[in-house]
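One structure is given here, and the rest of the page talks about it.
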Amino acid sequence: MAPSTSARIPGYPFSSIEPLKEAVRVRLAPSPTGNLHLGTARTALYNYLYAHRKGGTFIVRLEDTDDERSEDHYTVDIIEGLKWLGLTWDEGPDIGGPYGPYKQSQKFDHYAQMANQLVTKGSAYHCYATPEELIALKEEQKNSGKPPRYDNRGRDLAQIQIDEFVKEGRAPSIRFMIEEPRIIAWHDHIKGEIGIETGDLGGDMVIVKSNGMATYNFAVVIDDIDMKMTHVIRGEDHIHNTAKQLLLYEALGIKPPEFAHAALIFDTERHKLSKRKHGEAAHISQYRIGGYMPEAMVNYLTQMSWTPADGREIFTLAEACEMFDLEKVSKSPAVFDIKRLNWFNSHYLRSLPIKTVTERALPYLTNVNISAYTNAQLEEIVASVRDGLTILSEVLGATRFYFEKELPVEEDLKKTVLSNGSSRKVIDNTLKVLPSFPWGDHKGCKSVVDGMGKELGLKGKELYWPLRVALSGKVQGPDLGSIISILGAERVKLRLQSALPHCGAS
Ligand code: GLU
């Protein structure tokens with residue numbers, strides 16, 4: 001196992017500190033600029049699991065520094081998604097805690113104050129470059145085939161030049177000086193040893209914009225310090241940000257947290273899972289609303305890049321909390337495969353308590369009269385179809401026939417099944433034995449049909465299909481005994497009677 005050392009930067013004053021002794025504090029820091037992404041949900045899971053495994057604290061902090069793209073409905077979606085997954089936080093947007101409630105937009109003055117400290121220390125400076133100048137610089141670099149970066153032109157401005165800019169009414173941003181060349185190295189709990197060249201960080205970075213708002217890379221460091229984060233677990237798209245952030249910790253003279261970067265999630269064709277490419281399919285809400293079980297999503301996302309030591313595939317969130325090992329999370333990209341998620345979902349649809357599945361199924365039973373059945377019967381209805389469901393939203397199609405007053409039977413089935421001579425015999429005789437069905441006993445109801453079949457010398461399709469078509473409108477579906485038992489004497493009688501006119505002569 002990798003040593004539990006702090007992040008290490010060559011020459012960094014805290015590079016030799018002992019393993020962290022303080023209690024684990026981790027956070028999910030989503031930006032409310034989009035709905036809860038599958039990748040963010042997986043990051044949330046890793047943080048939650050790590051906190052629970054270590055007896056630590058899991059925090060949710062909304063990173064709403066991007067005022068143009070942050071929207072309240074995204075915050076609602078993120079919170080609902082996390083709650084749906086069962087990833088409750090110990091401190092966060094609605095429950096506060098010693099350092100909360102957490103919303104970065106409430107702390108802009110604090111960030112500005114901290115940035116000014118860096119200016120006073122000489123590690124940051126006011127930059128007067130206008131957006132037009134920066135665009136022109138980018139253009140120039142593009143035309144000469146160079147990667148875009150700030151050229152640090154504002155570092156050593158003469159006072160006379162600064163006065164000139166102020167007179168022009170230019171509002172300065174604050175830029176943090178990035179020393180080049182230098183390698184920022186750290187031990188990553190997932191990726192192992194990482195080294196980033198400061199020359200690849202895009203030049204001196206803006207930490208406070210000209211409108212006074214802190215940028216992500218600065219606010220995140222100040223918040224992680226203020227909230228006493230011990231570990232930062234996030235996606236590997238933040239690896240370069242981590243290098244920048246480690247430089248900020250160094251300049252502030254504060255011990256950085258430890259870092260773990262999880263590989264990104266790709267689709268089965270190796271495209272990064274993104275809203276642009278995959279639309280809503282990249283978001284948790286699509287699955288939450290579409291009839292997936294949160295237990296399946298949690299299990300699927302967790303095992304995507306991590307397998308418990310005993311190799312098991314199926315586990316609950318609580319079980320994962322007991323077994324999770326951050327060091328064993330895979331370094332390679334994860335693949336999101338809907339077929340596999342569906343496999344997990346079918347498993348949980350079949351195995352969760354029927355009461356739970358029924359409660360979750362009810363919102364999907366729209367435009368049908370569910371009050372025609374008792375709660376216990378509704379559970380029987382859902383139980384009768386759940387083995388055939390992949391997602392819960394299919395429950396309406398699978399159970400609609402139970403609720404229908406007049407059962408529409410496809411013309412095709414009337415011709416192929418009911419018109420058959422033995423169908424009339426089966427239906428006539430079922431009406432005769434109707435009083436002997438033990439209603440409520442699914443197996444018993446099936447036995448009555450089988451007993452009748454024996455007497456008529458009919459079995460298999462010849463016996464069952466006419467009844468299935470008459471009672472459910474289909475040849476496939478739940479067990480016939482369940483259909484009969486759940487529908488009950490009255491409905492069975494009516495349906496059989498209305499099927500008779502379509503039956504051939506016996
Ligand atoms: N707000 C960042 C994001 O949504 C979080 C990065 C971090 O965890 O520091 O990507």
Side-chain angles (χ1 to χ4, degrees), residues 7 24-51 56-72 74-79 81-82 87 89 91-93 99-100 102-108 111 184 186 188-191 194 196 201 205-207 209 213-249 254 256-265 272-276 282-284 326 329:
V24 162
R25 286 175 63 84
V26 291
R27 85 301 190 276
L28 176 78
S31 304
T33 53
N35 287 338
L36 182 61
H37 189 277
L38 287 169
T40 311
R42 190 189 53 156
T43 299
L45 262 164
Y46 288 163
N47 278 284
Y48 178 93
L49 294 173
Y50 191 69
T57 302
F58 171 57
I59 291 162
V60 173
R61 179 178 73 223
L62 291 162
E63 303 217 310
D64 57 346
T65 49
D66 186 345
D67 58 330
E68 275 165 29
R69 291 170 59 228
S70 296
E71 289 182 32
D72 285 346
Y74 292 137
T75 300
V76 170
D77 180 88
I78 291 167
I79 289 179
L82 293 173
L87 303 180
W89 44 91
E91 297 169 23
Y99 308 99
Y102 304 138
K103 233 181 171 198
Q104 289 184 317
S105 53
Q106 293 155 347
K107 295 180 67 180
F108 280 126
Y111 303 132
I184 306 298
W186 70 93
D188 193 275
H189 281 263
I190 295 175
K191 291 269 166 192
I194 294 187
I196 301 287
L201 298 181
M205 67 165 157
V206 175
I207 54 174
K209 291 185 268 187
M213 307 264 239
T215 57
Y216 156 70
N217 270 309
F218 190 59
V220 80
V221 166
I222 301 304
D223 283 345
D224 285 341
I225 293 169
D226 289 351
M227 296 171 193
K228 302 193 180 331
M229 292 302 145
T230 59
H231 297 72
V232 169
I233 305 168
R234 60 188 171 197
E236 72 176 355
D237 47 337
H238 284 289
I239 280 183
H240 280 76
N241 285 334
T242 298
K244 293 177 185 174
Q245 291 167 22
L246 282 168
L247 284 167
L248 283 166
Y249 281 101
I254 306 268
E258 298 185 31
F259 289 92
H261 293 88
L264 301 184
I265 305 179
K272 202 174 106 179
L273 211 63
S274 69
K275 178 165 183 206
R276 203 175 317 142
H283 295 143
I284 285 288
L326 191 57
V329 170

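Only a predicted model underlies this, so the values are computations on that prediction, with no experimental measurement involved. Whatever order the structure lists them in is the order used to number ligands and atoms, beginning at 1.
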Report the C-alpha separation of Y48 and I233 in whole Å, then their side-chain angles, then the decisive distance to 0.1 Å, and conclude whether the side chain to side chain contact (heavy atoms under 4.5 Å, CB included) test is met.
CA-CA 10 Å; Y48 178 93; I233 305 168; over 6 Å; no
Parallel, tilted or perpendicular: rings of H283 and H37 (30°, 60°)
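Perpendicular.
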Which label fits H261 and W186: parallel for a plane angle under 30°, tilted from 30 to 60°, or perpendicular past 60°?
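Rings of H261 and W186: tilted, as their planes differ by 30° to 60°.
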So does I284 get a backbone contact from the side chain of N35, meaning a donor-acceptor N/O pair under 3.5 Å?
no
Just by modelled atom types, is the R25 backbone N or O under 3.5 Å from a matching donor or acceptor in the T230 side chain?
yes
Would K244 and Y216 satisfy side chain to side chain contact (heavy atoms under 4.5 Å, CB included), going step by step from the backbone distance to the final call?
CA-CA 11 Å; K244 293 177 185 174; Y216 156 70; over 6 Å; no
For ligand 1, protein residues within the heavy-atom limit of under 4.0 Å are R27, A29, P30, S31, E63, Y216, V220, R234, H238
